**Student:** 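There's a structure below that I have some questions on.
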Amino acid sequence: MTALRRALGGRAKAPQPDAPVSGGRRDAPALPEIPAPLLWRVQAGAFQSREAAERQARRLRDLGIDALVVAPD
C-alpha cells in the first residue's frame with residue numbers, strides 16, 4: 001500500500017480512462033504528446049504572502065524535497 005493510499009485511509013483509486021477529469025469534459029480535445037525530458041511539477045500550496053511561501057519551501061527542503069517559490073503572474 002502506498003503512503004498516499006495509507007494517508008487517504010486506503011481509499012485512493014486510479015481514475016477510469018474514460019472518466020472526465022475534475023472540471024473537464026469527456027469531449028475535450030486530446031492532450032498533445034509530451035516530449036520525454038519534460039518534468040511534471042506539483043504545487044505544494046498557494047499563499048497570500050511571499051514570506052509564507054518561503055516558509056513552506058523551507059519546510060519542504062528540510063524534508064529533502066526540492067522546492068522553489070514562483071511569483072504570481
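Nothing fancy with the numbering, it's 1 onward along the sequence. As the structure is a prediction and not an experimental result, all values here were calculated from the model. These numbers come from the heavy atoms of this one structure, side chains and all, not from hydrogens, waters or symmetry mates.
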**Student:** Remaining members of Val69's ILVMFWY cluster at a side-chain heavy-atom cut-off under 4.5 Å?
**Tutor:**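 Listed partners: none, Val69 stands alone.
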**Student:** Sequence neighbours left out, cut at 3.5 Å: what donor-acceptor pairs do the side chains of residues 57-64 make with other protein atoms?
**Tutor:**
residue: Arg59; atom: NH1; partner: Gln56; partner atom: OE1; Å: 3.0
residue: Arg61; atom: NE; partner: Ala67; partner atom: O; Å: 3.3
residue: Arg61; atom: NH2; partner: Ala67; partner atom: O; Å: 3.1

**Student:** May I have all residue pairs that pass salt bridge (Lys or Arg N to Asp or Glu O under 4.0 Å) and include part of residues 38-48, sequence neighbours excluded?
**Tutor:**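 Of all non-adjacent pairs touching residues 38-48, none passes salt bridge (Lys or Arg N to Asp or Glu O under 4.0 Å).
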**Student:** Taking side-chain contact (heavy atoms from CB on, under 4.5 Å) as the test, write out the residues that go with Glu51, two or more places apart.
**Tutor:**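 Glu51 satisfies side-chain contact (heavy atoms from CB on, under 4.5 Å) with Ser49, Arg55 once adjacent residues are dropped.
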